[in-house]
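All remarks here apply to the structure that follows.
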Amino acid sequence: MDDSTNRKVDAQEFFVGLNECGCQLTKEETDCLLAFLDTDGDGNVNFDEFLCGVRGKLNEKRQEVVDLAFDKFDLDGSGCITAADLRGCFSVNLHPKVISGEITEDEAFLEYLANFGDKNNDGKITKKEWDDYYAAVSSSIDNDEHFVVLMKNCWKL
């Protein structure tokens with residue numbers, strides 16, 4: 001389905017792929033479905049967006065531990081976690097590009113934040129960005145208890 005091999009499916013690939021799989025949908029219907037799944041608004045659907053769309057929101061047990069982790073860092077109750085809040089518990093000094101001198105620790109950390117879900121690259125993770133990130137992580141973990149243990153171990157909850 002991903003003919004361009006960019007790990008995303010655009011509107012045309014989505015339309016053709018769904019129809020080739022036996023989903024007889026019109027272009028208008030696939031465009032509507034793509035718009036629903038395309039949570040970052042880039043006009044494509046990536047794997048995480050697809051999984052989140054299929055699996056839906058976090059269940060109560062998973063949301064509870066995700067909220068607990070967020071609240072651990074959102075000490076001022078602003079609804080945002082800053083880079084400084086996370087920096088204290090996440091080190092990038094062993095990143096291969098930091099070790100080789102290609103990038104600084106600050107650059108590596110900003111890359112981490114972008115991958116983590118800082119969609120607008122402002123150095124802050126909003127509650128929505130946090131929840132969206134963990135919905136994507138959660139979608140690939142079948143067992144609730146395993147997800148909870150991973151979260152607790154990762155963030156020392």
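Heavy atoms of other residues, nucleotides or ligands lying less than 6.0 angstrom from NZ of K72 number more than 12. Counting heavy atoms of neighbouring residues, nucleotides and ligands inside a 6.0 Å radius, atom CD of E64 does not exceed 12 of them.
Using a 4.5 Å heavy-atom cutoff, the side chains of K152 and V149 are not in contact. Side-chain contact between W155 and F73 is present, with at least one heavy-atom pair separated by less than 4.5 Å. In this structure, the side chains of K27 and Q12 come closer than 4.5 Å at one or more pairs of heavy atoms. A heavy-atom distance below 4.5 Å is found between the side chains of E111 and H95.
Of all the heavy atoms in V98 and E105, the pair that sits closest is CG1-CG, 3.7 Å. Nearest heavy-atom pair across A11 and D31 is CB-OD1, 4.0 Å.
Among V9, N46, V45, the one residue that satisfies the side chain to side chain contact (heavy atoms under 4.5 Å, CB included) test with L37 is V45.
Here K124 does not pair with E129 in a salt bridge; the nearest charged N to carboxylate O distance is not below 4.0 Å.
Separating the CG atom in D67 from the CH2 atom in W130 is a distance of 10.5 Å, to the nearest 0.5 Å. Between K128 atom NZ and C80 atom SG the span is 13.0 Å, to the nearest 0.5 Å.
In this structure D131 satisfies the side chain to side chain donor-acceptor pair (under 3.5 Å) test together with Q63, K127, sequence neighbours excluded.
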